[in-house]
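Read through the structure below, which is laid out as structure tokens, and then see the notes.
Sequence lines set the chain letters: A, B, ... in the order given, protein chains first and strands last, and positions in each chain run from 1. The structure displayed is predicted, hence computed values, not measured ones.
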2 protein chains.
Amino acid sequence: MVKYQGPELDRTFAALADPTRRALLMQLESGEGRSVSELARPFAISLPAVMKHLDVLSDAGLVSRIKTGRTVTCRIEAGPMEEAMQWLVRYQKFWEASLDRLAALVEESGE
Amino acid sequence: MVKYQGPELDRTFAALADPTRRALLMQLESGEGRSVSELARPFAISLPAVMKHLDVLSDAGLVSRIKTGRTVTCRIEAGPMEEAMQWLVRYQKFWEASLDRLAALVEESGE
DNA sequence: GCATAACTTAACTTCATGGTTAAGTATCAA
DNA sequence: TTGATACTTAACCATGAAGTTAAGTTATGC
């Protein structure tokens with residue numbers, strides 16, 4: 001019973017492929033919500049450009065937005081990252097020589 | 001001393017965002033090398049199209065190619081995936097409530 | 001040496017992405 | 001009620017990504 005996770009993984013990895021979007025997620029790392037303009041402030045690009053990045057992130061399910069009055073609060077939604085990580089874990093054996101305990105433990109518990 | 005890992009992560013995540021490329025990597029999962037045409041066979045797309053995907057994968061450092069005579073043997077290089085995974089790990093706390101052993105084990109061994 | 005197999009390169013098409021500016025819609029504050 | 005704040009939408013542009021077909025190289029095998 002394997003979930004059909006193709007398109008979701010596509011969107012997740014694609015969303016994470018952009019440095020601006022990763023920076024946006026990093027701003028949300030504290031777990032506290034932030035407004036769109038607050039998120040946009042550190043960047044040199046226009047507000048609409050940031051909005052598009054937020055669209056990509058929420059299409060990928062990585063960010064949720066709630067409007068309260070005129071401000072929109074963004075929050076991180078890490079669920080899709082879990083799938084991405086599980087995809088990567090399958091290849092861990094290939095770098096585990098240079099890796100620490102993590103690989104060993106996963107391997108150990110895997111079977 | 002944090003490595004400047006932006007562009008590498010860009011390329012890694014971008015390479016993983018395509019289902020054809022993920023399928024190519026999955027074919028290399030056994031660890032044994034495979035020729036280009038062997039890799040291309042399962043796909044409905046043309047050989048040059050597959051070649052371009054292999055270019056993206058090797059630009060991202062995820063695949064190495066060695067030419068022997070007229071055949072090119074491809075092998076998986078998982079190094080860059082480790083960085084990607086380490087990036088994702090920072091967000092693990094956001095989904096760990098709903099996660100299985102993996103999270104628990106990583107957490108346990110992590111500190 | 002000649003045909004075929006295994007790639008590679010080139011030229012082209014189409015569509016998505018990431019950016020812009022300009023104008024539009026709410027909402028809040030005075 | 002008017003003006004500023006906070007976001008949204010629209011229209012546009014340049015670039016790059018993913019595919020195609022066609023032609024070009026370079027080995028092998030007979």
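- At a threshold of 4.0 Å, the pair D55(A)-R65(A) counts as salt-bridged, since one of the basic side-chain nitrogens sits closer than that to a carboxylate oxygen.
- Computed from coordinates, the D55(A) CG to dG18(C) P distance equals 11 Å when rounded to whole Å.
- Between F94(B) and L28(A), the shortest heavy-atom contact is CZ-O, 4.2 Å.
- Atom CD1 in I66(A) sits about 18 Å away from atom C1' in dT27(C), given to the nearest Å.
- Of all heavy-atom pairs spanning R11(B) and A60(B), the tightest one is O-CB, 3.7 Å.
- Summarising the geometry, the separation between CG on L47(A) and P on dG24(C) is reported as 18 Å, rounded to the nearest angstrom.
- Pairs of residues two or more places apart, or lying in two chains, that qualify as salt bridge (charged side-chain N to carboxylate O under 4.0 Å, His left out) and include a residue from residues 32-45 of chain A are R34(A)-E38(A).
- Both P48(A) and V56(A) sit near DNA chain C, but only V56(A) has its closest nucleotide nearer the 5' end.
- Atom CD in E82(A) sits 9.0 Å away from atom CE in M85(A) (nearest 0.5 Å).
- Rounded to whole Å, atom P of dA18(D) lies 4 Å from atom CZ of R21(B).
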Item to check | Under 4.0 Å protein heavy-atom contacts per nucleotide of nucleotides 25-30 of chain D, with B for base, S for backbone only and - for none | outcome: --BS--
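- Atoms CG (D18(A)) and P (dT15(D)) sit 18 Å apart, rounded to a whole Å.
- Nearest nucleotide to the side chain of H53(A), out of dG19(D), dT8(D), dG18(C): dG18(C).
- Taking every heavy atom of residues 28-42 of chain B and every atom of DNA chain C, pairs under 4.0 Å involve S35(B), V36(B), S37(B), by number.
- The nearest pair of heavy atoms linking T12(A) to A84(A) is CG2-CB, 4.1 Å.
- If K52(A) and V72(A) are placed on DNA chain D by their nearest nucleotide, the residue sitting closer to the 5' end is V72(A).
- Protein atom CE of M51(B) is 17 Å distant from nucleotide atom P of dG24(D), rounded to whole Å.
- Here the closest non-hydrogen pair linking F43(B) and V50(B) is CD1-CG2, 4.4 Å.
- Each of L25(B), I45(B), V56(B) was evaluated against T20(B); a single residue qualifies, I45(B), per the side-chain contact (heavy atoms from CB on, under 4.5 Å) test.
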